[in-house]
Amino acid sequence: MNTPAQDVPLIVNKARAAQALWQAQSYRQRAVSLRRIKSYLRDHTDEILATICQCTGKTTMDAMATELIPCIMAVDWYTKQAEKCLGPTPLPSANPLFGNKRGYMVHVPVGVVAIIFPWNYPLSIPFGEAIMGLMAGNAILLKAASPVVSCGELVLRCLQAAQLPPGLVDHIIMPGAQISSALISAGIDKIFFTGSVGVGRQLMIEAAQTFTPLSLELGGKDPAIVLADANLERATNGIAWAGFQNAGQSCGGIERVYVHCSIFDAFVRMLATKTRALRHGTHEKADVGRITTQAQWKVIDAHLKEAVAAGAIVVAQSKPIGAQEGCYPATLLTNVTHTMRVMSEETFGPLLPVMPFSTIDEAIALANDSPLALSSSVWTNNTKLGKELAPRLQTGTTTLNDHLYSHGCSQHPWGGWKQSGVGRTHGELGLREMTHAKCVAWEALPAWLIPRNMWWYPFSPEMVTSIRDLVGVLAPRGVCHYVGCLARLAVFAVGRMLTPWKVAE
């Protein structure tokens, strides 16, 4: 049953009242409450996995490894690390002018946070963001994609196991086209959105009218670069998993593979053998599950057919097992180019196109030739070289000899550049996205001793001369110039700052 639009302001207001109580609790008190969720996840594992698999078509292994396990780890990490990441941070004094100043940074909860999440990871995506938001002191409102509404209810039950104040977490059910305007008009404090580039762009336009802050994760077209010295056994194993896992429906999954020409044939042969060994279907022994929506199945099919029509070669496909409705075979492609949509647009399906390259510079250029910039990987036995190449790849994350796992690694921030979005989730950066950064500053010496700063009223020619001396202190011509300016400045500053401003009546 959909949430009436007129109820959204009431839900937001109730959440705001609960958030004031929650923010008043210490990090330790919040952690004690949220750790109860770990027991709930453990005790309700079968129910959780069944709900996810029914909604999405995932295999049980995918649901376990990439949905349930990351949630348990997220509770553990954020409840232990939030205070370290968000607690007061001293700010060192920078120069003599502000030598009497002291300050620190604090992070204040933004208030009521909405999490709008997609159908591909309907537990781990919203759950991790919710735990971040709650540990930071916020209220959380969930909105699930229409195909996985029951997973939204599941996330809510998991969070409520923490015995939170009533209204602190809630789930709003309404069409995606209506939710953003309903939340923004109700005064939501921040929106975390994971979804398509088009919807993210429209959300930015709407949010701009009220300056509502956003964090957006809008997909990827992840490249993997396999260097000549790569271990082919690990590279083919890892790329097969990161490309076909969850039937390829992962924003941070591999969608493009660039292999050095000297090992290209050997790499393709090995990956083809492993692709043929995979089984797709809804059977309990399947490796690759079904495509969650019919619309996505059509996109995948169109990308493959267009690529083949343009000259791409299907080298290998997985074998069917069990019922096949909504399923798509894991497919390895060669003879592809960047003119094909399978290489230039997000496919979001189990297609792995592979291209050869001759030089590292060529591989970097090919990898960066995309409007999406979420994550990437370099496969090499030379860790030093891999680390040197990583900053050249235009993605929010680059992993060496692995891919996709970092989304489930709570301490690693997640997010990308270009059209992959703005902001970060996960890790210290994700926690800080759930807060307002605030500087608190004060005088080291008491106000009765220093009644005014040297640059306060009233102005005088002597003050102008002293400020010129300050320029000499900050940018001296030499040692003598520095010492002379500093001496004159000190005499003026002490005399001015220690005396009151006396005004004749």
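These numbers come from the heavy atoms of this one structure, side chains and all, not from hydrogens, waters or symmetry mates. Counting begins at 1 with the first residue of the sequence.
Note: His407 and His426 meet the aromatic proximity criterion, with ring centroids under 6.0 Å apart.
Listed by chain and residue number, nothing satisfies the ring-ring contact (aromatic ring centres under 6.0 Å, His included) test with Phe211 (two or more places apart in sequence, or in another chain). In this structure Arg234 satisfies the salt bridge (Lys or Arg N to Asp or Glu O under 4.0 Å) test together with Asp402, sequence neighbours excluded. In this structure, Arg30 has no salt bridge (Lys or Arg N to Asp or Glu O under 4.0 Å) partners at least two apart in sequence or on a different chain. Applying the side-chain contact (heavy atoms from CB on, under 4.5 Å) criterion to Trp501, with sequence neighbours excluded, gives Arg452, Tyr457, Pro458, Val503. Residues that satisfy the salt bridge (Lys or Arg N to Asp or Glu O under 4.0 Å) test with Lys58, not counting sequence neighbours, are Glu67. For Phe348, the ring-ring contact (aromatic ring centres under 6.0 Å, His included) test picks out Trp119, with sequence neighbours left out. Checked against salt bridge (Lys or Arg N to Asp or Glu O under 4.0 Å), Lys418 has no partners two or more places apart in sequence or in another chain.
The side-chain contact (heavy atoms from CB on, under 4.5 Å) with Gln249 is formed by just one residue from the set Thr56, Thr293, Ile291, Asp62; it is Ile291. Of the residues listed (Asp229, Val226, Ile225), the one engaging Thr380 in a side-chain contact (heavy atoms from CB on, under 4.5 Å) is Asp229, and it is the only one. Of the options Arg256, His403, Glu255, Glu346, a side-chain contact (heavy atoms from CB on, under 4.5 Å) to Asp222 is made by His403 and by none of the others.
Across all their heavy atoms, Ala437 and Met105 have their closest contact at CB-CE, 3.8 Å. Listed here is the closest heavy atom pair of Gly386 and Val378: CA-CG1, 4.4 Å. Ser33 and Ala162 get closest at one heavy-atom pair: O-CB, 3.3 Å. Residues Ile300 and Leu351 come closest through the heavy atom pair O-CD1, 3.8 Å. Considering all non-hydrogen atoms of both residues, Gly252 and Leu404 come closest at O-CD1, 3.2 Å. Counting all heavy atoms, side chain and backbone alike, Leu154 lies closest to Ile52 at CD2-CG1, 4.2 Å.
Residue pairs meeting the salt bridge (Lys or Arg N to Asp or Glu O under 4.0 Å) criterion with at least one partner in residues 73-95, sequence neighbours excluded, are Lys38-Asp76, Asp76-Lys80. Applying the ring pair (Phe, Tyr, Trp, His ring centres under 6.0 Å) test to every pair with at least one member in residues 80-108, sequence neighbours left out, gives these pairs: Phe98-Trp455, Tyr104-Trp442. Counting only residues at least two apart or in different chains, ring pair (Phe, Tyr, Trp, His ring centres under 6.0 Å) contacts with residues 44-73 comprise Tyr40-His44. The ring pair (Phe, Tyr, Trp, His ring centres under 6.0 Å) contacts involving residues 171-201 comprise nothing, where partners must be two or more places apart or lie in separate chains.
Using a 4.5 Å heavy-atom cutoff, the side chains of Pro213 and Val110 are not in contact. Side-chain contact check for Asp189 versus Arg16: some heavy-atom pair is nearer than 4.5 Å. Leu489 places a side-chain heavy atom less than 4.5 Å from the side chain of Met454. Within the 4.5 Å cutoff, side-chain heavy atoms of Ile173 are placed close to those of Asn2. In this structure, Leu159 and Phe127 have side chains that are in contact, with non-hydrogen atoms separated by less than 4.5 Å. Looking at Arg201 and Gln419, their side chains come closer than 4.5 Å, going by heavy atoms from C-beta outward.
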inquiry  = Set out, in order, the CA-CA distance, both residues' side-chain angles and the distance that settles side-chain contact (heavy atoms from CB on, under 4.5 Å) for Leu374 and Glu217, then state yes or no.
reply    = CA-CA 8 Å; Leu374 187 55; Glu217 198 268 81; 3.9 Å; yes
request  = Would you check, one step at a time, whether the test side-chain contact (heavy atoms from CB on, under 4.5 Å) holds for Glu388 with Leu385?
outcome  = CA-CA 5 Å; Glu388 291 173 354; Leu385 176 60; 4.0 Å; yes
request  = Could you check Asp287 against Thr59 for side-chain contact (heavy atoms from CB on, under 4.5 Å), going step by step and ending with a plain yes or no?
outcome  = CA-CA 7 Å; Asp287 303 294; Thr59 64; over 6 Å; no
ask   = Could you walk me through whether Asp469 and Phe492 pass the side-chain contact (heavy atoms from CB on, under 4.5 Å) check?
value = CA-CA 10 Å; Asp469 284 332; Phe492 174 83; over 6 Å; no
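Checking side-chain atoms of Asn368 against main-chain N and O of Leu393 turns up no donor-acceptor pair under 3.5 Å. Without hydrogens or angle criteria, Arg496 side chain to Trp456 main chain gives a donor-acceptor distance under 3.5 Å. Formation of a donor-acceptor pair under 3.5 Å by the Tyr27 side chain with backbone atoms of Thr79 is not found in this model. Of the possible donor and acceptor atoms, none in the side chain of Thr212 sits under 3.5 Å from a partner among the backbone N and O of Ala208. With Ser420 contributing its side chain and Gly219 its backbone, the two residues share a donor-acceptor pair below 3.5 Å. In this structure, the side chain of Gln209 engages the main chain of Ile205 through a donor-acceptor pair within 3.5 Å. Using a distance-only test at 3.5 Å, with no hydrogens or angles considered, no donor-acceptor pair links the side chain of Asp170 to the main chain of Ala15.
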Ignoring hydrogens and angles, write down the donor-acceptor pairs under 3.5 Å from the side chains of residues 139-152, residues two or more places apart or on other chains.
unit_1, atom_1, unit_2, atom_2, d
Lys143, NZ, Met174, O, 3.2

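The distance from atom NE2 of His412 to atom OG of Ser375, rounded to the nearest 0.5 Å, is 12.5 Å. With rounding to the nearest 0.5 angstrom, the OG1 atom of Thr425 is 11.0 Å from the CG atom of Leu216. In this structure, Thr383 OG1 and Asn381 CG are separated by 8.0 Å, a value rounded to the nearest 0.5 Å. Interatomic distance, Leu352 CG to Ile254 CD1, rounded to the nearest 0.5 Å: 7.0 Å. Taken from CD1 in Ile37 to CD1 in Ile131, the straight-line distance is 4.0 Å, to the nearest 0.5 Å. In this structure, NZ on Lys190 lies 8.5 Å from NE2 on His436, to the nearest 0.5 angstrom.
No more than 12 heavy atoms of other residues, nucleotides or ligands shown are found within 6.0 angstrom of CE on Met204. Summarising the local packing, CD of Gln411 is surrounded by more than 12 heavy atoms from other residues, nucleotides or ligands at distances under 6.0 Å.
No hydrogens or angles considered: a donor-acceptor pair under 3.5 Å links the side chains of Ser250 and Gln245. No hydrogens or angles considered: nothing links the side chains of Thr399 and Ser377 as a donor-acceptor pair under 3.5 Å.
Checked for salt-bridge contact, Arg157 and Glu153 miss the test: no charged N lies under 4.0 Å from a carboxylate O. Remark: Arg392 engages Asp361 in a salt bridge, criterion side-chain N to carboxylate O under 4.0 Å.
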